[in-house]
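All heavy atoms count here, side chains included; hydrogens, waters and symmetry mates do not.
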Amino acid sequence: MEILYSSTRNGNIQVKASEAILKGLSDDGGLFVPDKIPALEKDMADLAQMSYQEVAYEVMRLYLTDFTEEELKQCIANAYDSKFDTKEIAPMVHTDGAYFLELFHGATIAFKDMALSILPHLMITAARKNHVENEIVILTATSGDTGKAALSGFAGVKGTKIIVFYPKNGVSPIQELQMVTQKGENTYVVGIHGNFDDAQTGVKNIFADKGLEEKMGRKGCQFSSANSINIGRLVPQIVYYVYAYTRLLKDGKIKGGEAVNVAVPTGNFGNILAAFYAKNMGLPIHKLICASNENKVLYDFFRTGVYDKNREFVLTSSPSMDILISSNLERLVYRVTGNDSEKNISFMKALNGEGKYGITEEMQAQLKDFYGNYASEKETGETIHALWEKTGYVVDTHTAVAVCVYRKYLEETGDKTPVVIASTASPFKFTRSVMDAIDEKYNTMTDFELVDELARLAKVEVPPAIKEIRTAPVVHNTVCGKDEMKQTVEKILGL
């Protein structure tokens, strides 16, 4: 069954998977969505006997229908290899009544590695399939994790350049060091004076600039995106929810067909949207628990049906979730309109103009699978401390938000359905916030002293990604205003 991809702003547009991956964003500013969500074809019992790589193939082949078996298997083999420090790729830890799906064992110790390890291979294969000879320029905004994972994935990949914009004072010190020490002649990192939403809006504006696109064409290059708006990011994320369920089945923790809940710390809405797609493929997920930090725009949306970005932007200890415009939500909104692109366009115009839109009660009723809540900064710290004190298990700030919100869900509903919590980053990526939560006495230590102390407390080794940046030289020091992003790109590309 062939799957084609339409724009959320023009249902008549239909492109193949490889074309959608190459473009990243539709020409009309819409996001690509599959014309149908395919059903899983293999039995859960069969999937339970497979490796992560084999499960990845069985899921991804259903979406990437113009990739041959050989092409897709090669992309998967290149992605999920020794870059990951565990054979399972995404191991699970059972503690304190929950299953923590550890998505941070890749090269940059965050869940973005799960998709960004494979995206460069999908993109180069897609370019070959579509006879694209232009150099592909990956343009990405990051709230902290996507940037380093994308840089790591694309560094040294022939036929590509990658430019990453990040909020200069809006990421953790470790996150910033990971980016600005990135090697590779085709990599460029730019800090902006602004927040993540400014960076993301700037990138979208650059994509929509037709004059710049023509200049690029004359220079023999074209833009694509590594943000979660690229369908080549979203499809690989579906895999780990299927994999997690089949591991629980294999280990006898659940019976075939038994439902699980999924709790996901949520910023740009891509990770939890992947879980929604998995559910609609037939994976027995009961509730999709959407966890926000103090930038609780999604909590308010699920509670009221109104998406309103007109509020104070809060810098928190979970910076990858410091987002007021959750781009991937557009894919879900488009779906609950009944794939009505005109209706969706009116919502997006309202968001750009008035900063808010409200969906109908009928549309809101279709979101009953979601539960939204948020954790304050105080609650996030208390959750890290309580979990460590009770079990010795240390989680990062983002995972703590999900744990806290899951506890609120449990208290409200009494629903004892087994829960998989997406553990989206290593605690070593946010060492200072994590160690402050465990005990304030650590606040006089340097960042790398904290790393060593965390390793001792958690009884785990310091990840290679952290060891590498201890002494790595800073190679990227470009900073610009949020209104200077286009000029910066032109300068980098020599336009």
J.: Give the intermediate values and the outcome of salt bridge (Lys or Arg N to Asp or Glu O under 4.0 Å) for residues K378 and E382.
T.: CA-CA 6 Å; K378 183 170 182 285; E382 287 170 350; 2.7 Å; yes
J.: Side chains of D415 and Y409: any donor to acceptor distance under 3.5 Å?
T.: yes
J.: Check this for me, if you would: do K309 and D197 make a salt bridge, where the nitrogen-to-carboxylate-oxygen distance has to be below 4.0 angstrom?
T.: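 No, no charged N to carboxylate O under 4.0 Å.
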J.: Ignoring hydrogens and angles, state whether a donor on the side chain of T399 or S423 is under 3.5 Å from an acceptor on the partner side chain.
T.: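 Checked: T399/S423 side chains pair up, N/O donor to acceptor below 3.5 Å.
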J.: Find out whether the Lys NZ or Arg CZ of K287 is both under 6.0 angstrom from the six-membered ring centre of Y406 and within 45° of the ring's axis.
T.: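 The answer is no; the distance or angle limit is not met.
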J.: Applying side-chain hydrogen bond (donor to acceptor under 3.5 Å, both in side chains) between K73 and each of E70, E69, E71, report the one that passes.
T.: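 Result: among E70, E69, E71, E69 is the only option passing the side-chain hydrogen bond (donor to acceptor under 3.5 Å, both in side chains) with K73.
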J.: Please find out if less than 6.0 Å separates the ring center of F347 from that of Y307.
T.: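 Ring centres of Y307 and F347 not closer than 6.0 Å.
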J.: Would you say the side chains of N344 and T337 form a donor-acceptor pair under 3.5 Å?
T.: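 There is no such pair (donor and acceptor under 3.5 Å, judged by atom type) between the side chains of N344 and T337.
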J.: Near E412 CD, under 6.0 Å, is it more than 12 heavy atoms from other residues, nucleotides or ligands?
T.: yes
J.: Looking just at side-chain N and O atoms, do N230 and S225 make a donor-acceptor pair shorter than 3.5 Å?
T.: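 Their side chains do not contain a donor-acceptor pair, so the 3.5 Å distance test is not met.
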J.: Where is the tightest heavy-atom contact between I21 and M123, given as atom of each residue plus distance?
T.: O-CE, 3.6 Å
J.: Under a plain distance cut-off of 3.5 Å, with no hydrogens placed, do S320 and K112 share a side-chain donor-acceptor pair?
T.: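 Result is no, nothing qualifies.
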J.: Taking the six-membered ring for Trp, are Y241 and Y277 closer than 6.0 Å centroid to centroid?
T.: no
J.: Considering all heavy atoms of both residues, which atom of M179 and which atom of G147 are nearest to each other, and what is their separation?
T.: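 Looking at all heavy atoms of both residues, the shortest contact is SD-CA, 4.1 Å.
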J.: Salt bridge between K390 and D96, side-chain N to carboxylate O under 4.0 Å?
T.: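 Looking at K390 and D96, the cut-off is met.
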J.: Report, as yes or no, whether the 6.0 Å neighbourhood of atom CD on E411 holds more than 12 heavy atoms from other residues, nucleotides or ligands.
T.: no
J.: Say whether D322 and N295, considering side chains only, have a donor N or O and an acceptor N or O under 3.5 Å apart.
T.: yes
J.: Which donor-acceptor pairs under 3.5 Å do side chains of residues 456-469 form with protein atoms, sequence neighbours excluded?
T.:
from : atom 1 : to   : atom 2 : distance (Å)
R456 : NE     : E453 : OE1    : 3.3
R456 : NE     : E453 : OE2    : 3.3
R456 : NH2    : E453 : OE2    : 2.5

J.: Are there more than 12 heavy atoms of other residues, nucleotides or ligands under 6.0 Å from atom NZ of K356?
T.: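 Not more than 12 within 6.0 Å, no.
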J.: Taking NZ in K296 as the centre, count heavy atoms belonging to other residues, nucleotides or ligands within less than 6.0 Å. Is the count above 12?
T.: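 Atom NZ in K296 is crowded, with more than 12 foreign heavy atoms closer than 6.0 Å.
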J.: Give me each pair satisfying salt bridge (Lys or Arg N to Asp or Glu O under 4.0 Å) with a member in residues 34-53, each pair once, sequence neighbours excluded.
T.: E41-R61
J.: Does Y374 have more than 12 heavy atoms from other residues, nucleotides or ligands lying within 6.0 Å of its OH?
T.: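 12 or below, so no.
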